[in-house]
Each structure stands twice: as structure tokens, then as C-alpha cells.
Amino acid sequence: TEESRWDNRLILFIARGAGLGLLPKAPGTWGSVGGLAWTALLLTMGNIWIYLAGTFIGFALSIWICGRAEKLLRKIDPGEIVLDEIVAVPMCFTGLLATLHVGPQLLLQPETWYWATAGFALFRLFDIWKPPPIRQLQNLPGGWGVTADDIMAAVYTAVILQSAWQLID
């Protein structure tokens, strides 16, 4: 039906990160850039609880949407699906944000961009390298396998960033 075709197009549009996953090179990296934008949007709300809720809801939606997109594309974890990267990036900064005042002003501080760059680079490293158990999480069924490895890469990143913050502070 026309309605289900529209639904399928919407699922693929979201799973592909509004087209980021269709860019010709490094779709996961472009998806991670989209994740930085999602992080900034969550920060503008000015509340750690909204940030955490947006992160959690993003994970839940990613599992469902990425699972549907895999079925529509008839491929397991295709590179063009980048919603998993987008929703995982905010998790990279949860440890730091628990110790800082969350709000739009945080985006204006120069040191924020150093931490954002470090978090982005670490997340991409773990997402590409996939040390245990990240690689094994990809074997989970459907959207769980698409999203769980990125969540774990974000957890690794968050632990390293928080540890570095503690050493510097």
C-alpha cells in the first residue's frame, strides 16, 4: 500500500541519518558527525535528565528502526545505516556531563570542543577497531546487533574521557 511505502521510506530516511549514510565515503564517520549534532541538541535543553532521556530514547528507537531498515534492505548491518552511530555519540560524554553544568553555554566554551574532538576520535577508533566485546555484540539479532556495538564503543569512550578528566582536574 502507499502508506506502508511511505512508512518504509521514513524508516530508511531515519536509519540513514537523513542521508548521511548515503555519502560516498566513510558513512559511519558521517553518522558520528550527526551524533555530535544530536549531542549539541540535547545539550541545548540545559538539563542532564533530558540529555539522559534523549540518549536512552535514541537507543531504543535505534534498535527498532535499524532492525526494520535491515529487513527492508535485506542486509545485515549495512554501512548506510548510521542511526546507531548518531544515537551512541551522546553516550560518549555522559560521564563528563555528570560532573559539568549541562546547558547551551557549555557549547560556547573552547575546552568543550577539545573534549568533543577527543570523544569523536575515540568513538570512531573503537567503532572501527571493535575490541572485545564490541565485535561480539554485532552478532546479536536485528537492531540489537546494529546498535549494541556502538553503545559499547560509546561506553569505552566515556570511561576514557572521564578518566582523563579526573587526571586533569
Asks: Start with the C-alpha distance between Phe120 and Thr157, add both sets of side-chain angles, then the distance that settles side-chain contact (heavy atoms from CB on, under 4.5 Å), and finish with yes or no.
Replies: CA-CA 9 Å; Phe120 179 86; Thr157 300; over 6 Å; no
Asks: Are there more than 12 heavy atoms of other residues, nucleotides or ligands under 6.0 Å from atom CH2 of Trp115?
Replies: yes
Asks: Any chain of hydrophobic side-chain contacts (each under 4.5 Å) joining Ile128 to Trp30?
Replies: no
Asks: Examine distances only and state if a side-chain atom of Gln162 and a backbone atom of Leu96 form a donor-acceptor pair shorter than 3.5 Å.
Replies: yes
Asks: Please step through side-chain contact (heavy atoms from CB on, under 4.5 Å) for the pair Phe93 and Leu36, ending with a clear verdict.
Replies: CA-CA 10 Å; Phe93 305 103; Leu36 287 175; 4.2 Å; yes
Asks: Looking only at heavy atoms, what is the nearest atom pair of Gly28 and Glu85, with distance?
Replies: O-CG, 3.7 Å
Asks: Could you see if Met91 belongs to whatever hydrophobic cluster contains Trp64? Use Ile, Leu, Val, Met, Phe, Trp, Tyr and a side-chain cutoff under 4.5 Å.
Replies: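 In one cluster with Met91: Trp64, yes.
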Asks: Is any side-chain heavy atom of Leu97 closer than 4.5 Å to one of Leu43?
Replies: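 When only atoms from C-beta onward are counted, Leu97 and Leu43 do touch, with a gap below 4.5 Å.
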Asks: List the atom of Ile86, the atom of Gly31, and the distance in Å for their closest heavy-atom pair.
Replies: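 Smallest interatomic distance, heavy atoms only, reads CG1-O, 3.1 Å.
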Asks: Verify side-chain contact (heavy atoms from CB on, under 4.5 Å) between Trp38 and Val89, making sure each step is shown before the conclusion.
Replies: CA-CA 8 Å; Trp38 175 234; Val89 170; over 6 Å; no
Asks: When hydrophobic residues are tied together by side-chain contacts of less than 4.5 Å, even through go-betweens, does Ile151 share a cluster with Trp129?
Replies: yes
Asks: Answer with yes or no whether the hydrophobic clustering places Phe59 together with Leu61; edges join I, L, V, M, F, W, Y residues whose side-chain heavy atoms lie under 4.5 Å apart.
Replies: yes
Asks: Taking Val146 as the fixed residue, which of Asp84, Val82, Leu83, Ile63 is the one that meets the side-chain contact (heavy atoms from CB on, under 4.5 Å) rule?
Replies: Asp84
Asks: Please list, chain by chain and in numerical order, all residues satisfying side-chain contact (heavy atoms from CB on, under 4.5 Å) with Leu52, sequence neighbours excluded.
Replies: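 Residues passing side-chain contact (heavy atoms from CB on, under 4.5 Å) with Leu52: Ile48, Trp49, Thr94.
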Asks: Taking atom CG of Asn47 and atom CG of Leu42, what is their separation to the nearest 0.5 Å?
Replies: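 It comes to 11.0 Å.
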Asks: Give the minimum heavy-atom separation between Gly143 and Glu70, together with the two atoms involved.
Replies: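 In this case the closest contact between Gly143 and Glu70 is N-OE1, 4.1 Å.
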Asks: State the OG-CZ distance between Ser4 and Arg9, to the nearest 0.5 angstrom.
Replies: 9.5 Å
Asks: Starting at CG of Asn8, measure out to CG of Leu73 and round the result to the nearest 0.5 Å.
Replies: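 Result: 10.0 Å between the selected atoms.
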Asks: Find the distance between CD1 (Ile134) and CG (Asp127) and round it off to the nearest 0.5 Å.
Replies: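 It comes to 7.5 Å.
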Asks: Please find the pair of heavy atoms, one from Gln136 and one from Pro132, that lie closest to each other, and give the distance.
Replies: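 Closest pair (atom of Gln136, atom of Pro132, distance): OE1-CA, 3.6 Å.
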Asks: So which pairs with a foot in residues 15-39 pass salt bridge (charged side-chain N to carboxylate O under 4.0 Å, His left out), sequence neighbours left out?
Replies: Arg16-Glu80
Asks: Can you tell me how far OH of Tyr51 sits from OG1 of Thr39, rounded to the nearest 0.5 angstrom?
Replies: 4.5 Å
Asks: Taking all non-hydrogen atoms of both residues, which atom of Ala69 and which atom of Leu12 are closest, and how far apart?
Replies: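 Smallest interatomic distance, heavy atoms only, reads CB-CD2, 3.9 Å.
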Asks: Taking all non-hydrogen atoms of both residues into account, name the closest pair between Leu122 and Leu161 and its distance.
Replies: CD1-CD2, 4.0 Å
Asks: Which pairs with one or both residues in residues 35-52 pass salt bridge (charged side-chain N to carboxylate O under 4.0 Å, His left out), sequence neighbours excluded?
Replies: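 Not a single pair qualifies under salt bridge (charged side-chain N to carboxylate O under 4.0 Å, His left out).
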Asks: Would you give the length of the straight line joining atom CD1 of Ile65 to atom CG of Leu72, rounded to the nearest 0.5 angstrom?
Replies: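 Between Ile65 CD1 and Leu72 CG, I get 11.5 Å after rounding to 0.5 Å.
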Asks: Walk me through whether Phe123 and Ile160 qualify under side-chain contact (heavy atoms from CB on, under 4.5 Å).
Replies: CA-CA 10 Å; Phe123 176 73; Ile160 291 173; over 6 Å; no
Asks: Taking Arg135 for the side chain and Asp149 for the main chain, is one N or O donor matched with an acceptor at less than 3.5 Å?
Replies: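 A pair under 3.5 Å: no.
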Asks: Count the heavy atoms belonging to other residues, nucleotides or ligands that lie under 6.0 Å from CD1 of Ile76, then report whether that count exceeds 12.
Replies: no
Asks: Count I, L, V, M, F, W, Y as connected when their side-chain heavy atoms are under 4.5 Å apart, and connections chain through other members. Are Met45 and Ile57 then in the same cluster?
Replies: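 Linked within one cluster.
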